[in-house]
Amino acid sequence: MALGDLMASRFSQSSSSSVSNHLDEFSGREDPGDAAVVAAVVQRREHEAGATAGVNPVEAATTSMAYLPQTVVLCDFRHEGFEDCVPSGPSESGLVSKWRPKDRMKTGCVALVLCLNIGVDPPDVIKISPCARMECWIDPFTIAAPKALEAIGKALHAQYERWQPRARYKIQLDPAVEEVKKLCNSCRKYARSERVLFHYNGHGVPKPTANGEIWVFNKSYTQYIPLPISDLDSWLKTPSIYVFDCSAAGMILSAFIERQEWGFSGAPGSSSKDCILLAACEAHETLPQSAEFPADVFTSCLTTPIKMALRWFCSRSLLHDTLDHSLIDKIPGRQTDRKTLLGELNWIFTAVTDTIAWNVLPHDLFQRLFRQDLLVASLFRNFLLAERIMRAANCSPISYPLLPSTHQHHMWDAWDMAAEICLSKLPQLIEDPNAEFQPSPFFTEQLTAFEVWLDHGSEHKKLPEQLPIVLQVLLSQSHRFRALVLLGRFLDMGPWAVDLALSVGIFPYVLKLLQTTAMELRQILVFIWTKILALDKSCQVDLVKDGGHAYFIRFLDSMDAYPEQRAMAAFVLAVIVDGHRRGQEACIQANLIHVCLRHLQLANPHDAQTEPLLLQWLCLCLGKLWEDFSEAQLLGLQSDAPSIFASLLSEPQPEVRAAAIFALGTLIDVGSDSFRDGMSGDGDDDDEKVKADLNIVKSLLQVVTDGSPLVRAEVAVALARFAFSHNKHLKAVAATYWKPQPNSLLNSLPSLTNISSPNSGFTNPSQFVQSGSALSSQIGPVLRVGSDSMAAGRDGRVSTSSPLTSTGILHGSPLSDDSSQHSDSGILLKENTSNGVIGYPRSKPLDNKMYLQCVLAMSTLAKDPSPRIASLGQKALSIIGIEQVVTRTVKVGGLNQQGDSSALSASSSLAGITRSSSWFDMNGGHLPMTFRTPPVSPPRQNYLTGLRRVCSLEFRPHQLNSPDTGLADPLLSSGGSTGVNERSLLPQSTIYNWSCGHFSRPLLTVADDNEEIIARREERERNALDRIAKCQHSSVSKLGNQIASWDTKFETGTKAALLLPFSPVVIAADENERIRVWNYEEPTPLNSFNNHDYSDRGISKLCLVNELDDSLLLVASCDGNVRIWKDFTVKGKQKLVTAFSAVHGSRSGVRISNTVVDWQQQSGYLYASGDMSSILLWDLDKEQLVSSIPSSSDSNISALSASQVHGGQFTTGLVDGSVRLFDIRTPEMLVCTTRPHTPRVERVVGVGFQPGLDPGKIVSASQAGDIQFLDIRNGTKSYLTIDAHRGSLTALAVHRHAPVIASGSAKQIVKVFSLEGEQLSIIRYYPTFMAQRIGSVSCLTFHPYRVLLAAGAADAFVSIYADDSSQVR
């Protein structure tokens, strides 16, 4: 299957878009990541369901589908460790640097020294008869000696020239020492820093000496003169390569190595670092004399390998008798033409020797010998042949560096077979030169072997030995497509595979292929480059140099490719422009901005076919293109990019929204107008640029409260860029609005009610501020501290002669409601002062509104439920001189104690203030170290929220890195930091690096662990269905048998509890948001952790998300923040998956303190409400607010319950005693309203759907103590009333499947009823010897699939009750 098709089929599975219309039925909705698992489970379910329930299988299957939701949420890659890891993008060093040859090298000069002395045998050689005579395939005894010597020299020159035609060749025939010295010096002088090859043939002189001397002649040829290797080394210097073709050549090698070990390499001009030696045999061996070999068999192997290999093979094969040796010299074709017999043989030989070397040698040695220098690589490939042939003659060629033995490698068999096939065709080809050439099956077979490995291999098995052959095959047009597809499959196995392929030498080949116009190669080349760049960013330079970027821009612009593949092209282009100015300029010239924007505009946001990955990478590519590049930013603004990105901010995929925000954020230029002196005006500002930036911020403010931390992190980073760029304006606005007023404090507060006016950029009010009037109460009153008669000039300059110029109080933000007495965080606002005078540049009133919203948005992010985003928000605030001061308020036994490490006094009136060394700075550093606190007049307690403004001489960039205590470093000087340093302190975006990780992971194969996941889910479903059937048919007689009791040690009692469905585990939480997990069978505590560090609100609800799969714990705090944890039952291993504020924006002056939420697995929706008259609908798959449903009442919602059977249905109970049923699948959403709780109208404490599939049956309980049973279809009156507790009902629980409900009372009683209203049991006492009363009941919860009840009480005990038949634990 071609990779393009494979990718298409894979992607069509993965991108079954989850962007379905949520007002349809939810049964068909699946999470893409788990689509395969869910489908497999559904297929296997029907007959089991029938068997379990004992009814018609089809009906049972429908029922089981209703009871067992198929939706799985929050299990995507973005939920893996968002909080604790900062992702890194493609690397520029480390693993990746090893594959690049350190420095390409060339052999520039070749010295050929032949000491043959033809006709005179050396004294230490006794020749046999017949004896090997051929030198360079010339028999020296057939012509006169001088001519023979010259002919052999020319032949050797020609043989070497075939491997390195561009080198300079110098020959010395039978030379004297002086001639050799002159030759060496001239070669080094010519080659300069390039390599010199020194070839020595010593067949006419004695063997080398034990001291490592070779022999040459005197001028009259009467004596042999020794030439030490040390002299040779000092003349030739490095880099150099020596070839010694003589008997006992190992002597020279030994002497050379010994010389290195003794440290002679320290001598000037000598180094072992780049000396390579090839010797024909070991020290004790003589060259083969058999007539079947040439006399210079070693040289012949190195310089004419095909001829040598075929002759040797022919003498040993079955062709020996039928094939004439002379035919080998007549093989048709050229060695460089692969479509001829000779060319193909040469190609196969290269592939075989490369493969042997790559599989046997260490990778760094392979790189050095086979990839650095073309001539050295050829010589070493041929050296492997020499070892094979000469070992057959009991002679062992050796080298420095030493190579492992390769003469018995099994790839030689493949060569022999290819050689035999070629030789068998030879007579026919010579007879008929026009006969059609049939290529060898060698490469096809090797590709098949590689394909077999791909089907069964892995990183942990033996590596594929055919990789170098795949590389060779890329040269052939006939095999290229298949080779690329297989290579793509290999690269997809992981970064290790990419590194391996690069180390083999794939890079220049795939770079060259970008110049081809072959349409069929486009998809696979884009895929391969995606994999390479996901590992190594440094390739961007090569791509731009070779003009490769144009290839990817053309591909991105082609509509006939799959969107996923075009997303890969966008990724490649993003890497090309990432921090690479030449890449950015080249892509701008190639019109990349317009290509990307056009495709973003073409993508219909509501079209389910639009591939989110493509949208994401188009945005990231543009963001990287104009990041820190003002020319590109200007082009983007001229092309109306901000409005195109703004339309993507409501996309269903968080990754797309985050990428769009990244692109918007990088459009804000942070390079020019920032951190000027506070007194300078803004006359030099470019009005258009300011307008454009404000327009961008207007879009960003819409997504400050997005449900995905990934998105909010990018908003925080983008706002920080804006704060950096518009620093003085933001400081001025903050100072203007929180400046002390001369007369009445509250009446003179500037009117901010128009902040959420229609033109302020919020598409719907609930996205940011519910109503404008909320702001004044949210910002809070202004507290004036200091002298009433303080002078404030008209121009905004305020004298700072008094110790405390002003203290402004800001309560936080419109998005996170705070009480004025117990703030969970505060802000220090620092003014930019110079010489005791505060100067504020003027800016337009219209802009001020947007600047103020920006400050408020940053303040919201600084208190985000996600710690990582909160720290980003605090960094953004500190850029404009506002510093977060966080205090922890702990409730103990109903009392509030607000603590801070740097609180000044135990006095409650000073509880919110912390010290800041800014006071020390303001006085020029002359105060004694002990005095750090400004003298203040006693403030009014209810105005102290910990948010305040502090004068500082200048914004301290260093504080960005200090712990969030509000204490700056008092010893830092106020100046001296440069713009560059300040820039480096900006919080960095992570969406790009994080998104790059997608392409490092396998894209063509699905995960192997699916079977295991399916099996576990099936087991849980069987278990659940079995228990559901038991629950439905059980007759609960009494539910008062306490099987476990757990002292949670919570000082404030238990606020919420939850029983896990498939393990004996109970989870409890308290007012201080501590969560404890306990195994009630063993019984042992499993885990204990804080939901977050700064809370005084308590937890309102615990829910289990994905209960049939890898369960997650959803923790909803009373202040509306939702945090979702995984691995929460393992001690210390809990991880925050996601966090967001589910309820934001409420009526003026009302603090959110009683959030009600419920989770519905069927639909993937979280329903949330609080002290407000609407219900917010969050889609946890999209991590997005889908809808805000009005409750059609002025009363607040006090209870909320979602149906666990019918997706989209939920019911609410209100403070005024009314109950409403909603179904979001209907157009009007509100199904009916009823007021069952009469005559005493009190708030509804709990509502719930009755067990079973009936959508209209509801149970409601009010604080007055009455429990009402309603059937919506039969009128709005209740059909059954239980007067359970008189005026003190605190909790209600309805079992999901068993016909039983429970209610709890503040008067220390739990009652259990059947659905017919019969009281089954009443629980008053713990079953101890002393029969102690249970505490005031604070929460009740049933086990989802068993008749078990967990009750939490104000006395910190959690008790679990079962039917009387259960065993006591």
- How would you list all residue pairs meeting salt bridge (Lys or Arg N to Asp or Glu O under 4.0 Å) that involve residues 286-306, not counting sequence neighbours? E292-R316
- Query: For residues 246-256, which residue pairs qualify under salt bridge (Lys or Arg N to Asp or Glu O under 4.0 Å), counting only residues two or more places apart or in two chains?
  - Reply: none
- Message: Could you work out, with salt bridge (Lys or Arg N to Asp or Glu O under 4.0 Å) as the rule, every residue matching R311, not counting sequence neighbours?
- Response: D329
- Item | Sequence-distant partners of Y169, ring pair (Phe, Tyr, Trp, His ring centres under 6.0 Å), two or more places apart | H157
- Item | For Y551, all residues meeting ring pair (Phe, Tyr, Trp, His ring centres under 6.0 Å), sequence neighbours excluded | none
- Scan for salt bridge (Lys or Arg N to Asp or Glu O under 4.0 Å) pairs involving residues 160-173, sequence neighbours excluded, and state none if there are none. none
- Tell me, please, which residues at least two apart from S193 pass side-chain hydrogen bond (donor to acceptor under 3.5 Å, both in side chains). none
Enumerate, atom names and distances included, each donor-acceptor pair closer than 3.5 Å involving a side-chain atom of residues 357-366, sequence neighbours excluded.
unit_1 : atom_1 : unit_2 : atom_2 : d
N359   : ND2    : T355   : O      : 2.8
N359   : ND2    : E465   : O      : 3.2

Please report, to 0.1 Å, the donor-acceptor pairs under 3.5 Å made by any side chain of residues 419-427, with sequence neighbours excluded.
unit_1 : atom_1 : unit_2 : atom_2 : d
S424   : OG     : E420   : O      : 3.3
S424   : OG     : I421   : O      : 2.7
K425   : NZ     : Q438   : O      : 2.7

- Which residue pairs satisfy the side chain to side chain donor-acceptor pair (under 3.5 Å) criterion with at least one member in residues 120-129, sequence neighbours excluded? D121-K127
- Give every residue pair that meets the salt bridge (Lys or Arg N to Asp or Glu O under 4.0 Å) criterion with at least one member in residues 373-394, sequence neighbours excluded. R195-D373, D354-R381, E387-R391, R388-D416
- Task: List for me each residue that meets ring pair (Phe, Tyr, Trp, His ring centres under 6.0 Å) alongside H203, sequence neighbours excluded, and say none if there are none.
- Result: none
